[in-house]
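Okay, so here's the structure we're looking at.
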Amino acid sequence: MTSKKGRVFSGARPTGRQHIGNYFGAIRNYVKLQDDYDCIYCIVDLHALTTLDTTRDLRQNTLEMAWDWLAAGMDPKRSIIFVQSMVRQVTELHTILSMVTPLGKLTDLPTFKEKVRENPKNINYGLVGYPVLMSADIALYRADVVPVGIDQAPHVEFARETVRSFNFRYNTNALIEPKEKFTEFPKILGIDGVNKMSKSLNNDIELAATAEETTARVMQMVTDPARQRRSDPGNPDICNVFSLHKMFTPPEKVAEINIECRRAGIGCVDCKRILAANMNAYFAPLREKRRVFENDPEGTWDMLRDGAARASLLAEETMVDVRAAVGLPALQKG
Ligand code: ADP
């Protein structure tokens, strides 16, 4: 890798097909940053284990995610794309970092409390340590920039503090403090118009959905609740259909919808039809490209293994310094 403006790392759990929240909140940034940074993108399958009750679909979901990423323009020739569990040093750094992490800080995190609320019967040790593993991911590759959606910001801050604690405790600068980076759309709402778009809330629209599925999802979208009848004027400022138009519809048309909705010149059904058509046109090239990758799962695994081999070299460089800083024995003589 040549050194550009800095090093980017980001990861996401292999939850299967990606949705437009992932796309606008993260993936589009992943693609763009490839021009100016050395980028490392990771499918964090070990993180997925914290909440899965079965791992039956884990490998398939890893592929599904890789296909969305590749189809969106993440390029294994310019970036390192790999699977977390393929680089074993991350578990070693996770253990070492866990010793500089106060437990109370982990259990106080809003993201942890949310997970406990969602699934009170599955509060495993790994779930509590999720942000430590994420810190290890970022620190292992000495990334200074972490592109994420706004929901992940507390975890990047946590990683920054963990690195700082480690460097202070061992009087070293072996690890680099990372900083988050948002897109212009750090939080996309779901089709319910209220919550963050999320697969687990079933309020998402998948990038790889068919045109028909996409249209059906858009037609289910909740609009301005005060607009009960076609003749009622609407308020685009609080309507998620309108928010999404800004991503998919040409600005002149967005301006027109903005006016027409307020004076009931356009109804929600027509407004959604336009959105669905534009969304389908926007994602058509991505969907076509994805089909090529889908036909070659072995090629995808080879690409991910190749990425892991390149990532392992960077990881081992860091771990040599980390082991030395901690006072653990060196693996190599000399
Ligand atoms: P993870 O839990 O591994 O972060 P997610 O699938 O929830 O996996 O998210 C992957 C990336 O997409 C993260 O950077 C996250 O912040 C971003 N993201 C997820 N949902 C949204 C959303 N609705 N709006 C904006 N960004 C999102």
Side-chain angles (χ1 to χ4, degrees), residues 8-33 39-52 57-58 61-62 64-69 72 74 81-85 90 109-116 118-119 122 126-138 143 145-159 178-208 217 221-222 240-241 243-244 246-248 279:
V8 159
F9 177 94
S10 196
R13 286 170 305 140
T15 43
R17 292 177 164 205
Q18 299 291 279
H19 53 67
I20 62 176
N22 301 133
Y23 182 77
F24 285 100
I27 297 172
R28 238 172 48 144
N29 235 8
Y30 295 174
V31 174
K32 209 164 73 193
L33 290 166
C39 295
I40 303 169
Y41 297 123
C42 183
I43 301 177
V44 294
D45 56 348
L46 296 174
H47 273 111
L49 298 182
T50 58
T51 51
L52 291 183
D57 300 325
L58 193 57
N61 283 344
T62 299
E64 297 282 350
M65 184 145 178
W67 291 333
D68 279 332
W69 281 8
M74 292 165 65
I81 304 174
F82 72 109
V83 181
Q84 184 184 34
S85 63
V90 77
L109 278 172
T111 40
F112 174 71
K113 289 182 180 157
E114 195 184 305
K115 284 275 185 292
V116 172
E118 277 170 18
N119 204 346
N122 179 24
L127 185 70
V128 184
Y130 187 110
V132 188
L133 183 55
M134 180 163 158
S135 304
D137 272 326
I138 299 166
V145 177
V146 184
V148 282
I150 212 154
D151 56 324
Q152 286 291 331
H155 283 164
V156 182
E157 186 183 345
F158 184 94
K179 206 167 167 16
E180 66 278 0
K181 189 175 183 71
F182 300 136
T183 63
E184 57 201 295
F185 307 111
K187 183 178 176 183
I188 310 290
L189 297 183
I191 62 169
D192 54 14
V194 181
N195 298 298
K196 186 191 88 155
M197 184 175 285
S198 157
K199 193 177 270 294
S200 55
L201 296 175
N202 191 23
N203 66 357
D204 60 325
I205 302 176
E206 291 178 349
L207 303 181
R217 290 300 261 176
M221 283 183 73
V222 175
N240 194 30
V241 173
S243 303
L244 293 188
K246 291 180 196 156
M247 292 159 203
F248 298 104
M279 207 182 265

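Just so you know, ligand 1 is whichever comes first in the structure, and atom 1 is the first atom listed for that ligand. FYI, side chains are in, hydrogens and waters are out, and symmetry mates aren't considered; it's all heavy atoms of this structure. Since this is a predicted model, take the numbers as computed values, not measurements.
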May I have a table of the N/O to N/O pairs between ligand 1 and the protein that fall below 3.5 Å, each row giving the two atom names and the distance to 0.1 Å?
residue: ligand 1; atom: 2 (O); partner: R13; partner atom: NE; Å: 2.9
residue: ligand 1; atom: 2 (O); partner: R13; partner atom: NH2; Å: 2.8
residue: ligand 1; atom: 3 (O); partner: R13; partner atom: N; Å: 2.8
residue: ligand 1; atom: 3 (O); partner: R13; partner atom: NE; Å: 3.4
residue: ligand 1; atom: 4 (O); partner: Q152; partner atom: NE2; Å: 3.1
residue: ligand 1; atom: 6 (O); partner: N22; partner atom: ND2; Å: 3.3
residue: ligand 1; atom: 9 (O); partner: N22; partner atom: ND2; Å: 3.4
residue: ligand 1; atom: 12 (O); partner: N22; partner atom: ND2; Å: 3.2
residue: ligand 1; atom: 14 (O); partner: G149; partner atom: N; Å: 3.2
residue: ligand 1; atom: 16 (O); partner: G149; partner atom: N; Å: 2.8
residue: ligand 1; atom: 16 (O); partner: D151; partner atom: OD1; Å: 2.5
residue: ligand 1; atom: 23 (N); partner: I188; partner atom: O; Å: 2.8
residue: ligand 1; atom: 23 (N); partner: M197; partner atom: N; Å: 3.3
residue: ligand 1; atom: 23 (N); partner: M197; partner atom: O; Å: 3.0
residue: ligand 1; atom: 24 (N); partner: I188; partner atom: N; Å: 2.8
residue: ligand 1; atom: 26 (N); partner: G21; partner atom: O; Å: 3.3

Residue pair Y130, F158: steps toward the ring pair (Phe, Tyr, Trp, His ring centres under 6.0 Å) verdict | CA-CA 11 Å; Y130 187 110; F158 184 94; over 10 Å; no
In terms of heavy-atom contacts, F112 and V128 come closest through CE1-CG2, 3.6 Å
Flag yes if more than 12 heavy atoms outside K199 fall under 6.0 Å of its NZ atom; otherwise flag no.
-> yes
Heavy-atom closest pair (T15 atom, M65 atom, distance to 0.1 Å) is N-SD, 4.2 Å
Partner of Y41 by ring-ring contact (aromatic ring centres under 6.0 Å, His included), out of F82, F9, Y30 = Y30
Could you tell me whether a side-chain N or O of D204 sits under 3.5 Å from a main-chain N or O of H19, the two making a donor and an acceptor?
-> no
